[in-house]
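Counting starts at 1 for both ligands and their atoms, in listed order. These values consider heavy atoms only, across backbone and side chains, with no hydrogens, waters or symmetry-generated copies. FYI, the numbering just counts along the sequence from 1.
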Amino acid sequence: MEFPFDLAPVLGDRFCVVDQNLRPAGHRGPNHRGDLEQQLRTVIDELGKASAKAQGLSAPVTSAARMESNHHVLYILRDPDGRSTPRGAVVGFLKVGYKKLFLLDRGGAHNEAEPLCVLDFYIHESLQRHGYGRQLFQHMLQTERMDPWRLAVDRPSEKLLSFLRKHYGLKDAIPQVNNFVIFEGFFSNLPVLREEVEPPWPLNQSAARAGGSPLRGSLRPFLRPADRRTEPGQGHTDGAQPRRASSLGRVGR
Ligand code: ACO
């Protein structure tokens, strides 16, 4: 995907990460900053339109304006040295963000979670099935320090489902009532927060003796490690991960 301007100062190297601040990568000096910002907006808007078209959506879910009003992160893959495209070309993009969701586990119980969500993903038509999607996805996983089975995917297309199955072995979806798809392993890798609250002995014997149903734990929301650290009396033992994609993004895809 080409643009009528040099992409190097706008997007920098191969991978460009853009957040709410829409900062271009280039360092041409303050005089050019406005131009570069406008060019970055153009790139994001055009990518959003192309993705919507590829998915048959009535309107883009990714645009510069939406990026500004959400705490999402855009990973853009650029082809810096295309011989026929001296200004460089954009290969595609991946948008992720944290969202608060109610998700069903295998047993059908509701769990409040705030996973990193795959919100939009597009590789230019001429370059699909060349491994670029995987490069981009892999870069995102490494940057976010995320396991693929811990992601929630917003309305995945058949192509994306096939992609996730092929590259990450994600095939056993846990049925949901919303548009998100999660896979086996999603809950097992979140910190254990839906605690089984067991009364002390001998009270814990009574239900079993009476043949009653097992004690059900409180439906405590899943929290990310970063949040858990803020809870009173809780130590930080699990090496909380840095999160580029902000946890505040809860508006739209
Ligand atoms: N049909 C079926 N599966 C496909 C197709 C296709 N046309 N294209 C890619 N895939 C899947 C397959 O599993 C393929 O492996 P295979 O060729 O052995 O069958 C695998 O992806 C190839 O992996 P990559 O080359 O790394 O993926 P690619 O660069 O093509 O990127 C992507 C994958 C982003 C899904 C791309 O195909 C695309 O942009 N599709 C159109 C837009 C789209 O559907 N985006 C996802 C929307 S849902 C959302 O964003 C939450």
Side-chain angles (χ1 to χ4, degrees), residues 1-2 11 14-19 43-64 66-67 70-80 82 85 88-101 103 113-144 146-184 186 244-245 249-253:
M1 201 167 178
E2 293 171 52
L11 299 179
R14 222 167 127 61
F15 294 103
C16 176
V17 186
V18 179
D19 65 12
V43 169
I44 295 170
D45 287 345
E46 291 306 314
L47 283 173
K49 283 185 213 163
S51 179
K53 195 171 167 203
Q55 297 177 57
L57 304 176
S58 55
V61 292
T62 299
S63 67
R66 273 180 174 243
M67 283 299 296
N70 288 285
H71 288 71
H72 295 158
V73 174
L74 209 55
Y75 289 83
I76 301 175
L77 177 59
R78 189 170 86 84
D79 177 10
T85 55
V90 178
V91 175
F93 76 96
L94 171 60
K95 186 173 80 174
V96 296
Y98 283 90
K99 279 176 178 284
K100 260 199 173 154
L101 302 172
L103 295 167
E114 197 168 354
L116 186 66
C117 300
V118 176
L119 302 171
D120 202 2
F121 189 19
Y122 169 72
I123 296 292
H124 190 268
E125 279 72 9
S126 64
L127 298 169
Q128 288 175 17
R129 287 185 140 156
H130 283 67
Y132 290 111
R134 182 162 194 272
Q135 285 178 32
L136 198 48
F137 209 86
Q138 207 54 34
H139 185 76
M140 179 277 292
L141 290 174
Q142 279 164 10
T143 308
E144 302 289 339
M146 182 58 55
D147 296 318
W149 54 88
R150 295 178 66 186
L151 295 165
V153 188
D154 192 1
R155 281 169 284 173
S157 63
E158 283 305 317
K159 289 183 185 181
L160 181 51
L161 287 172
S162 170
F163 171 93
L164 293 170
R165 195 164 47 241
K166 174 179 173 144
H167 294 306
Y168 300 104
L170 298 175
K171 52 184 166 38
D172 298 318
I174 302 173
Q176 301 298 316
V177 290
N178 55 25
N179 289 321
F180 284 84
V181 171
I182 57 170
F183 296 92
E184 202 60 55
F186 179 91
R244 296 192 68 122
R250 284 165 202 163
V251 190
R253 177 176 152 185

Problem - N or O contact, Y122 vs ligand 1, cut-off under 3.5 Å - result: no
Practice task
Please determine, by modelled atom types, if S51 and Q55 share a side-chain donor-acceptor pair under 3.5 angstrom.
Solution key: yes
Practice task
Indicate yes or no for a side-chain donor-acceptor contact from E114 to the backbone of K99 under 3.5 Å, with no hydrogens or angles considered.
Solution key: no
Problem - Sub-4.5 Å side-chain heavy-atom contact between C117 and V96 - result: no
Exercise for the section: Kindly state whether the ring of F121 and the ring of F137 have centres lying under 6.0 angstrom apart. Expected result: yes
Handout entry: Contact partition for Q128 relative to ligand 1, non-hydrogen atoms under 4.0 Å
Key = both
Problem - Considering all heavy atoms, the nearest V61-K95 contact - result: O-NZ, 2.7 Å
Exercise for the section: Enumerate the atoms of ligand 1 whose separation from the nearest heavy atom of R134 is less than 4.0 angstrom. Expected result: 26 (O)
Practice task
Considering heavy atoms of the protein only, find what lies nearest to atom 22 (C) of ligand 1 and give residue, atom and distance to 0.1 Å.
Solution key: H167 NE2, 3.8 Å
Handout entry: Sidechain-backbone polar pair: Q176 side chain, I174 backbone, donor-acceptor under 3.5 Å
Key = yes
Practice task
Output yes when a side-chain donor or acceptor of D45 lies under 3.5 Å from a complementary backbone atom of A64, and no otherwise.
Solution key: yes
Handout entry: Protein contact to atom 15 (O) of ligand 1 [nearest heavy atom, distance to 0.1 Å]
Key = K166 CD, 3.1 Å
Handout entry: Nearest neighbour in protein (non-hydrogen) for atom 7 (N) of ligand 1
Key = K159 CE, 3.2 Å
Problem - Protein contact to atom 49 (C) of ligand 1 [nearest heavy atom, distance to 0.1 Å] - result: R253 NH2, 3.4 Å
Exercise for the section: Look only at interatomic distance and state if A54 has a nitrogen or oxygen under 3.5 Å from any nitrogen or oxygen of ligand 1. Expected result: no
Problem - Proximity to ligand 1 by part of P156, non-hydrogen separation under 4.0 Å - result: backbone
Completion exercise
Heavy-atom closest pair (R150 atom, F186 atom, distance to 0.1 Å) is O-CE1, 3.4 Å
Problem - Heavy atom of the protein closest to atom 39 (O) of ligand 1 (residue, atom name, distance) - result: I123 N, 2.8 Å
Exercise for the section: Using atom types as modelled and distance alone, determine if a side-chain donor or acceptor of N178 lies under 3.5 Å from a backbone N or O of F180. Expected result: yes
Practice task
Mind running side chain to side chain donor-acceptor pair (under 3.5 Å) on Q128 and Y122 for me, showing each step along the way?
Solution key: CA-CA 9 Å; Q128 288 175 17; Y122 169 72; 5.6 Å; no
Practice task
Say whether F121, considering both its backbone and side-chain N or O atoms, lies within less than 3.5 Å of an N or O atom on ligand 1.
Solution key: yes
Handout entry: ligand 1 atoms in contact with H130 (distance to a heavy atom under 4.0 Å)
Key = 25 (O)
Exercise for the section: Fit a plane to each ring of Y132 and H130, take the angle between them on a 0 to 90° scale, and name the class: parallel (under 30°), tilted (30 to 60°) or perpendicular (over 60°). Expected result: parallel
Handout entry: Q55: numbered ligand 1 atoms lying under 4.0 Å from its heavy atoms
Key = 43 (C), 47 (C), 48 (S)
Practice task
May I ask which of D154, L151, L57, L127 has a heavy atom nearer to atom 51 (C) of ligand 1 than the others do?
Solution key: D154
Fill in the blank from the handout: Of G131, S162, S51, G92, the one whose closest heavy atom lies nearest atom 13 (O) of ligand 1 is S162
Problem - Between Y75 and E144: side-chain donor-acceptor atoms closer than 3.5 Å - result: yes
Problem - Heavy-atom nearest neighbour of atom 21 (O) of ligand 1 within options F137, F163, Y132, F180 - result: F163
Exercise for the section: Pick whichever of R129, Q138, R155 has a heavy atom sitting closest to atom 16 (P) of ligand 1. Expected result: R129
Practice task
Please identify which atoms of ligand 1 are closer than 4.0 Å to at least one heavy atom of V118.
Solution key: 51 (C)
Handout entry: Nearest neighbour in protein (non-hydrogen) for atom 44 (O) of ligand 1
Key = S157 OG, 2.6 Å
Problem - Nitrogen or oxygen atoms of G133 and ligand 1 under 3.5 Å apart - result: yes
